[in-house]
Amino acid sequence: MSFAAERALSAATRLHTIFWDEVLWAWFGPQRREAVNQIICGRAGTYLPGGATFERGLFDWERRAITEPPFPPAGRILLGGAGGGRELVQLCRMGFDVVAFEPSGQLCEGARRAVSSSPNSAVVRASYRDLVTAAQEHTGPLAAHVLDASFDAVLFGWTSFDYVFTELDRQDLLCATRMIAPKAPLLLSFSMLRDAENGRLDRLRPGIRRVCALLGSPSARHPGDVFWPWVGFIHLTSQGELEAAAAGSGYRILYFRPFSALYPHALLMPQ
């Protein structure tokens, strides 16, 4: 393939991505996005016991983060976005007691099966929004498991922070986490937004948004919002967004490793 043909193909692919990201985020409001994500995640057998991702166990960067200070060597962990239980099983084997939660029904059941022999751990079907509700309103499926409980560490499962879309949602989640575990370190990973959306083809985005708005779309896309068919609607977090969310919720970033293998991750400590 000639250089000119490669450039044309690359531009066409980029234009296709831009168009569908703008259109899908415009016409799928929060509830419909959640429904789509539930379907996609529920079909991801690789995250269930026996699946390729599950059987890999902890990634090297996860094991390093969990086994070095200030992450505690023992105690009770709150695990959000637990998926099919990949991290959960390993944490239980390391001697931790875990309260885990996951919004996908299929993945939640898989996680429960995976730790059925661990009596000191529990798996609840719940979302990050349910964690906020538990902290703020003392209700919801997580309330009985996290209120008046003590946690030595908090872990957001592999890239589950990608599913927290807005600045307000990120700050609410971190504030709720700090209320529930006021002294615990928080380990999270995410897909990172590395490039500004200011390329030549990105100039088409405002026009696509205006057309969607004129046609009555219920929502709109914001920088970092993408749709990837294998994971659904997610938000690519920038370093600035992470720093703002931490500062606004009473955390300091103990370390931020943006070029880690697989995915960037950070450890936050309550101030």
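As a basis for the values below, the full set of heavy atoms in this structure was taken, side chains included, without hydrogen atoms, waters or symmetry mates. Please read these numbers as outputs of a predicted model, since none were measured by experiment.
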Anything under 30° is parallel, anything over 60° is perpendicular, the rest tilted; go ahead and classify Y163 against F165.
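Tilted.
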
For F28 and F233, take the angle between the two ring planes, folded into 0 to 90°, and tell me which bin it lands in: parallel under 30, tilted 30 to 60, perpendicular over 60.
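Plane angle between 30° and 60°, so tilted.
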
For [X] against [Y], the heavy-atom pair lying closest together:
{"X": "P218", "Y": "G29", "value": "CG-N, 4.5 Å"}
{"X": "L174", "Y": "S249", "value": "CB-OG, 3.2 Å"}
{"X": "G157", "Y": "S189", "value": "O-OG, 4.3 Å"}
{"X": "N37", "Y": "G232", "value": "OD1-CA, 3.2 Å"}
{"X": "R178", "Y": "P270", "value": "NE-CB, 3.9 Å"}
{"X": "A100", "Y": "A82", "value": "CB-CB, 3.9 Å"}

Straight-line distance of [X] [atom1] to [Y] [atom2], nearest 0.5 Å:
{"X": "R221", "Y": "I18", "atom1": "CZ", "atom2": "CD1", "result": "8.5 Å"}
{"X": "L48", "Y": "L107", "atom1": "CG", "atom2": "CG", "result": "5.5 Å"}
{"X": "C92", "Y": "D97", "atom1": "SG", "atom2": "CG", "result": "7.5 Å"}
{"X": "L188", "Y": "L155", "atom1": "CG", "atom2": "CG", "result": "9.0 Å"}
{"X": "S127", "Y": "L142", "atom1": "OG", "atom2": "CG", "result": "8.0 Å"}
{"X": "R43", "Y": "S104", "atom1": "CZ", "atom2": "OG", "result": "11.5 Å"}

Give a yes or no on whether the backbone of [Y] and the side-chain of [X] come within a donor-acceptor separation of less than 3.5 Å.
{"X": "W25", "Y": "V226", "answer": "yes"}
{"X": "D21", "Y": "F227", "answer": "yes"}
{"X": "S10", "Y": "R7", "answer": "no"}
{"X": "Q171", "Y": "A245", "answer": "no"}
{"X": "R86", "Y": "G57", "answer": "yes"}
{"X": "R203", "Y": "N198", "answer": "no"}

Side-chain donor-acceptor pair under 3.5 Å between H235 and D225, yes or no?
yes

Within the 3.5 Å criterion, strictly below it, is a donor on H265 or E62 matched to an acceptor on the partner's side chain?
no

Kindly work out whether a path of hydrophobic side-chain contacts (I/L/V/M/F/W/Y, heavy atoms less than 4.5 Å apart) joins [X] to [Y].
{"X": "V146", "Y": "L88", "value": "no"}
{"X": "M192", "Y": "W230", "value": "no"}
{"X": "L254", "Y": "F71", "value": "yes"}
{"X": "V154", "Y": "F96", "value": "no"}
{"X": "W27", "Y": "W228", "value": "no"}

Side chains of [X] and [Y], heavy atoms from C-beta outward: is any pair under 4.5 Å?
{"X": "Q136", "Y": "C175", "result": "no"}
{"X": "Y251", "Y": "Q271", "result": "no"}
{"X": "L79", "Y": "V123", "result": "no"}
{"X": "S121", "Y": "V99", "result": "no"}
{"X": "M94", "Y": "L58", "result": "yes"}
{"X": "I208", "Y": "V211", "result": "no"}
{"X": "D152", "Y": "I77", "result": "no"}
{"X": "S238", "Y": "P223", "result": "no"}

Is [X] positioned over the aromatic face of [Y], cation under 6.0 angstrom from the ring centre and no more than 45 degrees off axis?
{"X": "R257", "Y": "Y255", "answer": "yes"}
{"X": "R76", "Y": "F151", "answer": "yes"}
{"X": "R14", "Y": "F19", "answer": "no"}

Do [X] and [Y] sit within salt-bridge range, that is, some charged N less than 4.0 Å from a carboxylate O?
{"X": "R205", "Y": "D202", "value": "yes"}
{"X": "R64", "Y": "E68", "value": "yes"}
{"X": "R63", "Y": "E87", "value": "no"}
{"X": "D130", "Y": "R125", "value": "no"}
{"X": "E109", "Y": "R112", "value": "yes"}
{"X": "E22", "Y": "R209", "value": "yes"}

Quick check: are there more than 12 heavy atoms from other residues, nucleotides or ligands sitting under 6.0 Å from CD of E167?
no

Check the pair T237 / R170 against side chain to side chain donor-acceptor pair (under 3.5 Å), numbers first and verdict last.
CA-CA 10 Å; T237 304; R170 288 187 289 273; 5.1 Å; no

Near-ring test Y128/F156, centroid separation under 6.0 angstrom
yes

Does the pair Y47 and Q106 meet the rule for a side chain to side chain contact (heavy atoms under 4.5 Å, CB included), with working shown?
CA-CA 10 Å; Y47 300 123; Q106 294 93 326; over 6 Å; no

Yes or no on side chain to side chain contact (heavy atoms under 4.5 Å, CB included) for R129 and D169, after CA distance, side-chain angles and deciding distance?
CA-CA 8 Å; R129 175 49 54 185; D169 288 340; 3.0 Å; yes

Under the criterion side chain to side chain contact (heavy atoms under 4.5 Å, CB included), I'd like the reasoning laid out for D162 against V231: C-alpha separation, chi angles, the key distance, then a yes or no.
CA-CA 10 Å; D162 292 356; V231 293; over 6 Å; no

Among F59, F161, W158, which residue meets the ring pair (Phe, Tyr, Trp, His ring centres under 6.0 Å) test with Y263?
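Of all the options given, the one that passes is W158.
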
Please evaluate residues L268 and R252 with respect to the criterion side chain to side chain contact (heavy atoms under 4.5 Å, CB included), reporting the C-alpha separation (whole Å), side-chain torsions for both, the decisive distance (0.1 Å), and the verdict.
CA-CA 6 Å; L268 279 56; R252 62 184 175 91; over 6 Å; no

